[in-house]
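Accompanying notes for the structure given below.
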Amino acid sequence: MTVTVTNSGARDGDEVVQLYARAVDPRVPRPHRALVAHERRRLAAGQSGTFRFRVPRGELGHWDVAHGRWTVDPGTYVIEAGASSADIRLGKEITVDGPAPRPRPVLEVGLRAADFDSAHSVSLVDLSRVSGDAVAAHEDVAGQLLYRGCDFGPAPGPGDVLVETAGGGGTVELHLPDGTTVAAVSVPATGGPYTYTATGGALAARPTGVHDLHVTLRGALRLARLGFCG
């Protein structure tokens, strides 16, 4: 992208041109604008300067929690230039080609609890004393997790869910966006925050195809992962 800046004042001065990128219709929530390049240059009074920027494709990407990698989604992006994110002077749309992102293969690998797309009233905690992440619910309020684009496969779909938890007892509830209850699993207290146990439960509804999945945590428990089978 090429930007021409003119110092229209009576004194010499520095100007910093900032370049921002944003996805027009992002698949997942993204920052409204992301700084991808900038350059400072001194311009004499009345002088014009041409700023040239080259934005690598990777600068348009984000960390894909569903697959554990940096990814650039195909679609329309806007490259904007200005003195700051609140002072945009011009913009240009570009189209990024490529394959559509795959849904989460939940039947193959399940769901790591910490790989949520959004969450409310939960905390990220250490999975063990050494490494890893889990999700902790608060004892006095229900925690909410959202996992987008979960592929439950063709009919008849999975019949059971396996829930790995530690800490206090409680329930783990699974819902579809339309409110359909997929499962409600009561989990026991395990005697310690790092002592995990797997609790199975039958699915009340057997989803097929790709759906967003809402998970509600109730009780002072830690959720490590969800698995589906059957």
Side-chain angles (χ1 to χ4, degrees), residues 1-106 109 111-124 126 131-133 135 144-151 177 210-214:
M1 187 174 188
T2 301
V3 179
T4 300
V5 177
T6 300
N7 181 356
S8 59
R11 297 182 178 180
D12 299 350
D14 287 357
E15 181 58 86
V16 180
V17 177
Q18 300 180 14
L19 209 65
Y20 293 87
R22 60 181 175 89
V24 172
D25 186 21
R27 171 174 59 96
V28 297
R30 302 278 301 275
H32 180 59
R33 290 189 178 98
L35 182 66
V36 294
H38 67 280
E39 182 182 345
R40 177 188 293 272
R41 191 181 301 177
R42 188 163 186 83
L43 297 175
Q47 180 186 9
S48 295
T50 300
F51 295 72
R52 292 183 173 85
F53 299 96
R54 186 179 182 86
V55 180
R57 179 188 175 97
E59 292 290 342
L60 304 177
H62 66 282
W63 181 256
D64 185 356
V65 295
H67 301 95
R69 63 172 181 254
W70 190 260
T71 187
V72 179
D73 287 346
T76 303
Y77 293 79
V78 177
I79 307 298
E80 298 174 317
S84 72
S85 62
D87 185 10
I88 299 298
R89 304 297 180 89
L90 57 88
K92 179 179 178 61
E93 283 193 356
I94 63 171
T95 299
V96 174
D97 297 324
R102 296 185 301 109
R104 295 173 182 261
V106 297
V109 298
L111 286 171
R112 281 198 338 127
D115 289 342
F116 53 79
D117 289 292
S118 64
H120 299 282
S121 301
V122 299
S123 301
L124 273 178
D126 45 335
S131 63
D133 295 304
V135 176
Q144 305 289 334
L145 303 167
L146 171 62
Y147 303 90
R148 299 183 187 275
C150 298
D151 187 358
V210 179
H211 299 274
D212 292 349
L213 183 66
H214 297 262

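We're numbering straight along the sequence, starting at 1. For clarity, every value in this text was computed on a predicted model and none was experimentally measured.
- Under the side chain to side chain contact (heavy atoms under 4.5 Å, CB included) criterion, L124 pairs with A114, F116, D133, V135, sequence neighbours left out.
- D12 and A44 make their closest contact through OD1-CA, 3.2 Å (heavy atoms, listed as atom of the first residue, atom of the second, distance).
- Judged as a side chain to side chain contact (heavy atoms under 4.5 Å, CB included), and not counting sequence neighbours, the contacts of T71 are R27, H62, D64, D73.
- Applying the salt bridge (charged side-chain N to carboxylate O under 4.0 Å, His left out) definition to pairs two or more places apart or across chains, none involves residues 46-60.
- Scanning for salt bridge (Lys or Arg N to Asp or Glu O under 4.0 Å) contacts around R41 gives E39, with sequence neighbours left out.
- Between the CZ atom in F53 and the NE2 atom in H38 there is a gap of 9.0 Å [rounded to 0.5 Å].
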Mind running side-chain contact (heavy atoms from CB on, under 4.5 Å) on I94 and M1 for me, showing each step along the way? CA-CA 11 Å; I94 63 171; M1 187 174 188; over 6 Å; no
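- Scanning all heavy atoms of the two residues, the minimum distance from G149 to D212 falls at N-OD1, 2.9 Å.
- Taking every heavy atom of both residues into account, A45 and G9 meet most closely at CB-O, 3.5 Å.
- Residues passing the salt bridge (Lys or Arg N to Asp or Glu O under 4.0 Å) test with D126, sequence neighbours excluded: R222.
- Atoms OG and CD, from S8 and Q47 in turn, are 13.0 Å apart once rounded to the nearest 0.5 Å.
- Of all non-hydrogen atoms in G13 and N7, the two that sit nearest each other are N-ND2, 3.8 Å.
- The shortest heavy-atom contact between A119 and V122 is CB-CG2, 3.6 Å.
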May I have the step-by-step check of side-chain contact (heavy atoms from CB on, under 4.5 Å) for V5 and V16, ending in yes or no? CA-CA 10 Å; V5 177; V16 180; over 6 Å; no
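- Judged as a salt bridge (charged side-chain N to carboxylate O under 4.0 Å, His left out), the pairs with a partner in residues 91-105 (not counting sequence neighbours) are, in order, R104-D117.
- Taking 4.5 Å as the limit, some side-chain heavy atom of H67 sits within range of a side-chain heavy atom of P105.
- Looking at residues two or more places apart in sequence or on another chain, you find no side chain to side chain donor-acceptor pair (under 3.5 Å) involving D25.
- A search for side chain to side chain contact (heavy atoms under 4.5 Å, CB included) contacts involving S48 returns T4, T6, not counting sequence neighbours.
- Taken from NE2 in H214 to SG in C150, the straight-line distance is 10.0 Å, to the nearest 0.5 Å.
- Taking the side chain as every heavy atom from C-beta outward, V55 and Y77 never approach each other to under 4.5 Å.
- With sequence neighbours excluded, no residue forms a side chain to side chain donor-acceptor pair (under 3.5 Å) with R148.
- Side-chain atoms of T95 and V24, non-hydrogen and from C-beta on, never get closer than 4.5 Å to each other.
- With sequence neighbours left out, W63 forms a side chain to side chain contact (heavy atoms under 4.5 Å, CB included) with V65, W70.
- Here the straight-line distance linking atom CD of E15 with atom CG of L43 works out to 7.5 Å at 0.5 Å rounding.
- Residues satisfying the salt bridge (Lys or Arg N to Asp or Glu O under 4.0 Å) criterion with D14, sequence neighbours excluded, are R40, R42.
- With sequence neighbours excluded, the residues satisfying side chain to side chain donor-acceptor pair (under 3.5 Å) with Q18 are Y20.
- In this structure, V36 and A21 approach most closely via the heavy-atom pair CG1-CB, 3.9 Å.
- Side-chain contact between R30 and R22: absent, with no pair of heavy atoms (C-beta onward) separated by less than 4.5 Å.
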Take R33 and I88 through the side-chain contact (heavy atoms from CB on, under 4.5 Å) test and state the conclusion after the steps. CA-CA 11 Å; R33 290 189 178 98; I88 299 298; 3.7 Å; yes
